[in-house]
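Everything on this sheet refers to the single structure shown next.
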Amino acid sequence: MNSSAIVVDPEILNGMPCIAGTQVTVQLLFDYLDNGHPLSDFLDEHPEVTAEQANRVLVESGRM
C-alpha cells in the first residue's frame, strides 16, 4: 500500500489537510516543529499519530 500520508476530505475538518487516518491537521504538526518542539513532544500529545506517519508527512511535504 503506497497511499498518501496526507488526506484532504471535505467531510473531515472542513477539508483541512490531515494526517491519514486521524483528525490531526498537518498544520498542527508543522506548528509544533516550527516552534522548536521535538517530534517526540508532538507524538506524546497526539498518540493517534505514529512516528512513521509523521515522518511520511514531513517527507511528502518536502520538509525532510
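Every value quoted in this text rests on a predicted model; they were computed, and no experiment measured them.
Considering only heavy atoms from C-beta on, Cys18 comes within 4.5 Å of Leu13 through its side chain. Side-chain contact between Leu58 and Leu29: present, with at least one pair of heavy atoms (C-beta onward) separated by less than 4.5 Å. Put simply, the side chain of Val49 reaches to within 4.5 Å of the side chain of Leu43, judged on heavy atoms. Thr25 has its side chain out of reach of Phe30: every pair of non-hydrogen atoms, C-beta onward, lies at least 4.5 Å apart. You'll find the side chain of Gln27 reaches within 4.5 Å of the side chain of Asp31, heavy atoms only.
At least one donor-acceptor pair closer than 3.5 Å links the side chain of Asn55 to the backbone N or O of Ala51. Under the 3.5 Å distance criterion, the side-chain polar atoms of Glu60 are left unmatched by any main-chain donor or acceptor of Ser4. At distances below 3.5 Å, at least one donor-acceptor pair connects side-chain atoms of Asp9 with backbone N or O atoms of Glu11.
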Legend entry - Evaluation steps, side-chain contact (heavy atoms from CB on, under 4.5 Å), between Tyr32 and Leu39: CA-CA 8 Å; Tyr32 260 78; Leu39 181 58; over 6 Å; no
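Grouping the Ile, Leu, Val, Met, Phe, Trp and Tyr side chains by contacts below 4.5 angstrom, directly or via other members, places Met16 apart from Leu28. A continuous path of Ile, Leu, Val, Met, Phe, Trp and Tyr side chains, each step under 4.5 Å between heavy atoms, connects Met64 with Leu33, placing both in one hydrophobic cluster.
Between the NE2 atom of His37 and the CD atom of Glu45 there is a distance of 9.5 Å, given to the nearest 0.5 Å.
Here the shortest heavy-atom pairing between Thr50 and Gln53 reads N-OE1, 2.7 Å. Between Val24 and Thr22, the shortest heavy-atom contact is N-OG1, 3.1 Å.
When the shell of 6.0 Å around CG of Asn14 is examined, it contains 12 or fewer heavy atoms from other residues, nucleotides or ligands.
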